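Okay, so here's the structure we're looking at.
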Amino acid sequence: MPPAAPRSGEAIFSSVDRVNAELFTLTYGAIVRQLLNDLEEVEEVNKQLDQMGYNIGIRLIDEFLAKSNVSRCVDFKETAEMIAKVGFKMFLGVTASVTKWDADGSCCSIVLEENPLVDFVELPDTCQGLYYCNILSGVIRGALEMVAMKTEVTWIRDMLRGDDAYELQVKLLSQLPEEYPYKDDE
Amino acid sequence: MQFFGGSEISPSPPTPAATGAGNNAHMIYLFNRNGVCLLYREWNRPLHTLNPQQDHKLMFGLLFSLKSLAAKMDPTSADKGNLGVPQLPGQGCSFHSFRTNTYKLSFMETPSGIKFILVTNPRTGDLRETLKYIYNLYVEYVAKNPLYSPGTPIR
């Protein structure tokens with residue numbers, strides 16, 4: 001029996017259970033608010049959001065692989081396309097686009113026109129250094145690490161700070177090949 | 001298929017189209033990419049030759065080597081590294097089952113390094129769809145479980 005073809009983001013998005021978008025946005029807002037109260041330092045909150053995203057990412061990758069039925073991506077370009085077209089569609093319901101590939105194909109930008117996490121949000125003056133959606137960069141970093149790619153994900157443009165779109169820069173640092181974990185003499 | 005009768009996973013799988021009658025699985029193993037055995041269940045194993053640790057290591061080592069060998073001997077692949085060079089999980093072709101006169105072993109590996117192994121009687125048909133179904137169950141009940149820490153055996 002030949003393996004099934006990969007499913008599109010649309011198809012999966014309509015077949016999984018969904019929560020109310022406003023509930024999701026407000027819950028995320030409450031989490032960030034609570035973190036700001038507890039930690040008070042904007043840098044600490046950024047780091048904590050990234051760590052939370054990382055923990056989510058390492059589990060999310062299995063759900064993504066199981067539902068979308070993709071096989072191994074041949075190179076980083078395909079991986080980035082997968083994240084933007086299938087991943088974001090499947091989990092957040094928005095489509096992102098991939099732009100600004102550099103010369104050797106190891107660094108790209110994912111651009112989000114709309115972002116459900118930031119509906120109704122405004123950054124006050126006291127929190128200007130806050131990356132509100134830093135959880136997303138953690139998720140991508142964690143997920144890619146589980147498929148043997150070490151990456152660095154940073155925010156280039158952020159609508160809450162006055163830019164016109166959300167832009168994430170994903171940079172591939174290295175690929176980790178599979179190693180035999182046991183020592184040979186045992 | 002009968003084989004989920006002994007485990008604690010509650011929903012029963014759909015019957016795949018082409019399998020022999022009266023199938024019962026002997027054993028199931030689940031490994032992560034570091035060789036940690038996340039799950040081992042047996043329903044029908046008359047002969048135990050090794051203690052569990054050695055058994056898991058042997059199984060993992062066998063599959064690791066077989067996969068590596070299969071990928072290197074692939075006549076359709078363009079890129080051929082040297083034998084023994086580690087490969088990324090999921091890259092290149094991967095074998096999916098082997099059969100002896102007493103059992104059949106079916107294998108599936110995900111790009112995230114999770115390996116599913118099912119040992120059944122030799123008349124079993126192609127179990128790839130079943131293994132995918134098990135992967136979906138794994139995602140639903142294990143990956144999404146907030147009390148489970150990745151990399152530790154499943155209780």
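Small disclaimer: the values here were computed from a predicted structure and weren't measured. Lettering of chains follows the sequences in order, A, B, ..., and the numbering in each one begins at 1.
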Return the minimal non-hydrogen interatomic distance between B/Val142 and A/Arg59, and the atom names on each side.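 Closest approach of B/Val142 to A/Arg59: O-NH1, 4.2 Å.
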Restricting to non-hydrogen atoms, name the atom on B/Pro111 and the atom on A/Val147 that form the minimum distance, rounded to 0.1 Å.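 For B/Pro111 versus A/Val147, the nearest heavy atoms are O-CG1, 3.5 Å.
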[X] [atom1]: over 12 foreign heavy atoms closer than 6.0 Å:
| X | atom1 | answer |
| --- | --- | --- |
| A/Lys77 | NZ | yes |
| A/Glu43 | CD | no |
| A/Lys85 | NZ | yes |

Under the side-chain contact (heavy atoms from CB on, under 4.5 Å) test, residues paired with A/Asp119 that sit two or more places apart: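 For A/Asp119, the residues satisfying side-chain contact (heavy atoms from CB on, under 4.5 Å) (neighbours in sequence not counted) are A/Thr25.
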Counting distance only, does the side-chain N/O of B/Tyr135 pair as donor-acceptor with the main-chain N or O of A/Asp62 below 3.5 Å?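 Yes: the side chain of B/Tyr135 pairs with the backbone of A/Asp62.
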Considering only heavy atoms, which portion of A/Ile58 lies under 4.5 Å from any heavy atom of chain B: side chain, backbone, both, or neither?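 For A/Ile58, the contact with chain B is made by the side chain alone.
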To the closest 0.5 Å, what do you measure between CG (B/Asn136) and NZ (A/Lys67)?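 If we round to the nearest 0.5 Å, B/Asn136:CG and A/Lys67:NZ are 7.0 Å apart.
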Hey, what do you get for CD1 (B/Ile114) to CE (A/Met146), rounding to the nearest 0.5 Å?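 Atom-to-atom, B/Ile114:CD1 and A/Met146:CE are 6.0 Å apart.
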Whichever hydrophobic residues join A/Phe120 through chains of side-chain contacts under 4.5 Å: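 For the cluster that includes A/Phe120, the remaining residues are A/Leu26.
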